[in-house]
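Right, one structure below, let's go through it.
All values derive from a computational prediction rather than experimental measurement. For reference, positions follow the sequence shown, starting with 1. Counting starts at 1 for both ligands and their atoms, following the listed order.
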Amino acid sequence: MSQHAVRLCLCLLCFILLSGFASSPVRKDRMYYEQRGEIVWEVPMNHKMLALTFDDGPNPKTTNMILDLLKKYEAKATFFVVGKRVERFPEVVEREVKEGHEVANHTYNHVYFSSNVSMDTMEKEIMDAQKQIKQITGHASTWLRPPGGYYNERLIQVAQHHGFKVVLWSWHQDTKDWKKPGVSYIVNKVLKNTKNGDIVLMHDHVSNSTQTVEALKTILPELKKRGYQFVTVSELISEKKKEVMSQPNTKR
Ligand SMILES: [Zn+2]
């Protein structure tokens, strides 16, 4: 081996070793995104508040049944709507807004943002849904829930670029109602795990199922009896901000 080749080899070795030591990989897990405030899973707080969230709608049958129940128990909720369904059933979303609920973004076609989905597709999915939401509600939603909860660094970049915050759900409040697990499963999942600041995951559009509606007939009165207030995601987050401002030592 020539002297020149030996020097080159050493240089390559130095580069590999140095780059390995200098940049230990950052684990981009829940803690990473939660600490940076880029994704919200839940909002631990002192107040007895929680946010019910409903994905995949609107559905003219079940969403309206849910809206009737929310009205009966003076509950506010957040609907993560699918853009193409907003286009089909705008009157349901109009009712959501009129009755004080929050409408947020769940993409246009309900695309899972897995690793092979380009940033352009993500952007189009989000902004097409946003256009529908804006048309009905008159203002832009800042909350985005990617279908299936799929997220990655590229999605975060797209979300930030357009001023969205990604909102997922409390892991202990994943009712799995989309796979029709039975009314009592949904009821127990919520009632046995309720904590202040929870974000509960439900679906107002599950084909041929009214399990979520039936479960709410038990969940809403029981949690109300326990003193919980049902608020939108925006209200939950702004309440937390107020708590933090008034108590400097509150966990942020
Ligand atoms: Zn969904």
Side-chain angles (χ1 to χ4, degrees), residues 30 33 38-42 50-67 70 77-90 92-93 96-97 101-117 121-133 136-137 141-152 154-156 158-159 162 164-182 185-186 189-190 198-213 215-216 219 232-234 236:
R30 171 168 174 168
Y33 287 109
E38 290 169 344
I39 304 181
V40 176
W41 277 267
E42 56 206 343
L50 53 85
L52 297 176
T53 63
F54 298 95
D55 291 8
D56 297 359
N59 175 308
K61 185 185 169 198
T62 38
T63 308
N64 277 316
M65 291 166 95
I66 289 169
L67 286 168
L70 294 175
T78 302
F79 291 87
F80 285 91
V81 295
V82 171
K84 68 178 179 187
R85 297 189 64 83
V86 176
E87 215 169 349
R88 267 178 81 191
F89 309 111
V92 183
V93 183
E96 290 169 357
V97 176
H101 305 291
E102 186 159 40
V103 177
N105 196 314
H106 197 46
T107 74
Y108 186 83
N109 286 299
H110 203 266
V111 170
Y112 295 116
F113 293 152
S114 45
S115 55
N116 57 352
V117 176
T121 302
M122 290 179 185
E123 192 166 40
K124 184 165 170 31
E125 276 294 319
I126 295 164
M127 297 318 290
D128 282 356
Q130 196 68 351
K131 195 175 144 198
Q132 295 300 325
I133 294 170
I136 306 294
T137 67
S141 158
T142 50
W143 312 125
L144 167 69
R145 178 172 284 165
Y150 283 87
Y151 65 87
N152 52 46
R154 288 169 306 124
L155 171 67
I156 300 299
V158 173
H162 290 283
F164 288 97
K165 185 172 272 197
V166 173
V167 175
L168 298 178
W169 54 86
S170 302
W171 286 345
H172 56 274
Q173 291 293 359
D174 182 355
T175 63
K176 303 208 186 306
D177 58 343
W178 57 273
K179 58 177 180 183
K180 308 171 196 171
Y185 178 92
I186 300 169
K189 187 73 185 173
V190 178
D198 277 356
I199 297 180
V200 180
L201 174 62
M202 290 180 167
H203 295 77
D204 55 323
H205 171 58
V206 179
S207 82
N208 296 320
S209 173
T210 53
Q211 288 187 6
T212 307
V213 179
L216 283 168
I219 292 167
T232 64
V233 167
S234 288
L236 196 72

Subject >> Whether Asp177 side chain and Met202 backbone form a donor-acceptor pair below 3.5 Å >> reply: no
Original post:
Just by modelled atom types, is the Ser234 backbone N or O under 3.5 Å from a matching donor or acceptor in the Glu102 side chain?
Top reply: yes
Original post:
Is any protein N, O or S atom closer than 2.8 Å to the Zn ion (ligand 1), and if so, which?
Top reply: Asp56 OD1, His106 NE2, His110 NE2
Subject >> Nearest non-hydrogen partners of Lys176 and Pro181, listed with the distance >> reply: O-CD, 3.2 Å
Original post:
Hey, do the aromatic rings of Tyr112 and His110 have their centres closer than 6.0 Å?
Top reply: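 Between His110 and Tyr112, which both carry aromatic rings, the centre distance is below 6.0 Å.
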Subject >> Any Leu216 side-chain heavy atom under 4.5 Å of Met65 side chain >> reply: no
**OP:** Please work out whether the ring planes of Phe54 and Phe79 are parallel, tilted or perpendicular, with thresholds of 30° and 60°.
**Re:** parallel
